[in-house]
Amino acid sequence: MALKIWLDGKLVDHADAKVSVFDHGLLYGDGVFEGIRVYGGRVFELEAHLRRLYESAKVIRLEVPMGKNELVAAIKKTVEANGIVDGYIRLLVTRGVGTLGLNPFQCKNSSLIIIADNIQLYPEELYETGMKIISATTVRNHPLAIPPQVKSMNYLNNIIAKIEALDNNVPEAVMYNHEGYVAEATGDNVFIVRDGVIYTPPVEAGALEGITRNLVIRLARKENLEVVEKNLTRCDLYICDEFFLTGTAAEVIGIVEIDGRIIGDGKPGPITKRLRENFFEYAHAGRK
Ligand code: PMP
């Protein structure tokens, strides 16, 4: 069955889901997006994703061309039309068609696209063995330049760091900010554990306020684990007991080596495993 894509108010066939070369999303990366999971036919953490989408749009003065209720209905319709039970939704709002100049206000109508498809996760065994990563030399965008809260369609900073990772035959890289503190990974948030306490960089360090990050913090606190948001150095990553990343696509994945330093005993640690299990339970709760 050909994929049906939501494009500006209606479902169209994959082959007809095309945007103009004058869309400022293409010309300038001018737009915002969300990546959302579907577990057991339910759209996961939808409220939180929509809140981030509307807030990101507000910061860049982009109008989401429909209200929240209408958008929720459009998302559900797209998921159902494609028979997605466990999958991934990519929701985009682009600035729309304009002129060749930067001026976003020349774009009369923003464009809303919803793609619901299956997702290529990391191979299952990587969750058992844990992942090796590197530190990127590419510095994270200054948080006062492009605010990290804005999930914009402009991912070049992360893509350059991702290329560094791939050049080193690993799937991910940690990005540091202009002060040398850990910001995040190219598509995931960073957590470490030391002496039983969980640490993650604050959003101000240049991290996207991940929906999975916030959920994992809540799940950890429910387990009476202490979670501290504080600036982390490269050295903190090298000497921690456990290390994991969180994100919509990756969920919770253990890191076992960074820059040639083995983390803990070289396997995903007990707190990482527990939080991964708790996450799985939460995501699949109520599944028929
Ligand atoms: N940081 C970046 C740069 C991301 O793109 C993402 C999402 N892929 C995350 C962190 C994780 O955020 P979330 O848990 O909301 O997917």
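As a basis for the values below, the full set of heavy atoms in this structure was taken, side chains included, without hydrogen atoms, waters or symmetry mates. In each ligand, atom 1 is the first atom listed, and ligand 1 is the first ligand listed. Being a predicted model, the structure only gives us computed values, none of them experimental.
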*What's the shortest distance from atom 12 (O) of ligand 1 to any protein heavy atom, and which residue and atom give it?*
Gly210 CA, 3.4 Å
*Can a non-hydrogen atom of Glu34 be found less than 4.0 Å from any atom of ligand 1?*
no
*For Ile211, the ligand 1 atoms whose distance to one of its heavy atoms is below 4.0 Å*: 13 (P), 14 (O), 15 (O)
*Are any of the N/O atoms in Gly187 less than 3.5 Å from those in ligand 1?*
yes
*asked:* How far is atom 1 (N) of ligand 1 from the closest protein heavy atom, and which atom is that?
replied: Glu184 OE1, 2.6 Å
_For Gly35, state whether at least one heavy atom is located under 4.0 Å from any atom of ligand 1._
no
*Under a 4.5 Å side-chain heavy-atom rule over Ile, Leu, Val, Met, Phe, Trp and Tyr, are Leu91 and Leu7 clustered together?*
no
*Do the side-chain N and O atoms of Tyr282 and Glu45 include a donor-acceptor pair separated by under 3.5 angstrom?*
yes
*Is it true that a side-chain atom of Asp23 and a backbone atom of Ser20 form a donor plus acceptor pair closer than 3.5 Å?*
no
*Is any NZ, NE, NH1 or NH2 atom of the basic residue among Glu229 and Arg213 found under 4.0 Å from an Asp or Glu carboxylate oxygen of the other?*
yes
_Within-cut-off N or O pair, Tyr155 and ligand 1, under 3.5 Å_ = yes
_side chain to side chain donor-acceptor pair (under 3.5 Å) partner of Arg52, chosen from Gln149, Glu34, Glu209_ = Glu34
*atom 7 (C) of ligand 1 - nearest protein heavy atom and its distance*: Lys151 NZ, 3.3 Å
*asked:* Take a 6.0 Å sphere around OH of Tyr122 and say whether it holds more than 12 heavy atoms from other residues, nucleotides or ligands.
replied: yes
*atom 11 (C) of ligand 1: which protein heavy atom is closest, and how many Å away?*
Asn189 OD1, 3.7 Å
_Validation row, ring centre Phe243 to ring centre Tyr238 under 6.0 Å_ = no
*asked:* Measuring centre to centre across the rings, with the benzene-like ring taken for any Trp, is Phe279 within less than 6.0 Å of Phe44?
replied: yes
*Name the closest protein heavy atom to atom 14 (O) of ligand 1, giving the residue it belongs to and the distance to 0.1 Å.*
Thr212 OG1, 2.6 Å
*Could you establish whether Thr186 and ligand 1 come within less than 4.0 Å of each other, counting only heavy atoms on the residue side?*
yes
*Checking Arg95 against Tyr28: charged group under 6.0 Å from the ring centre and within 45 degrees of the axis?*
no
_Glu209 touching ligand 1 at heavy-atom level, < 4.0 angstrom_ = no
_Closest protein heavy atom to atom 16 (O) of ligand 1, given as residue, atom name and distance to 0.1 Å_ = Thr248 OG1, 2.6 Å
*Short N or O distance, Asn158 and ligand 1, threshold 3.5 Å exclusive*: no
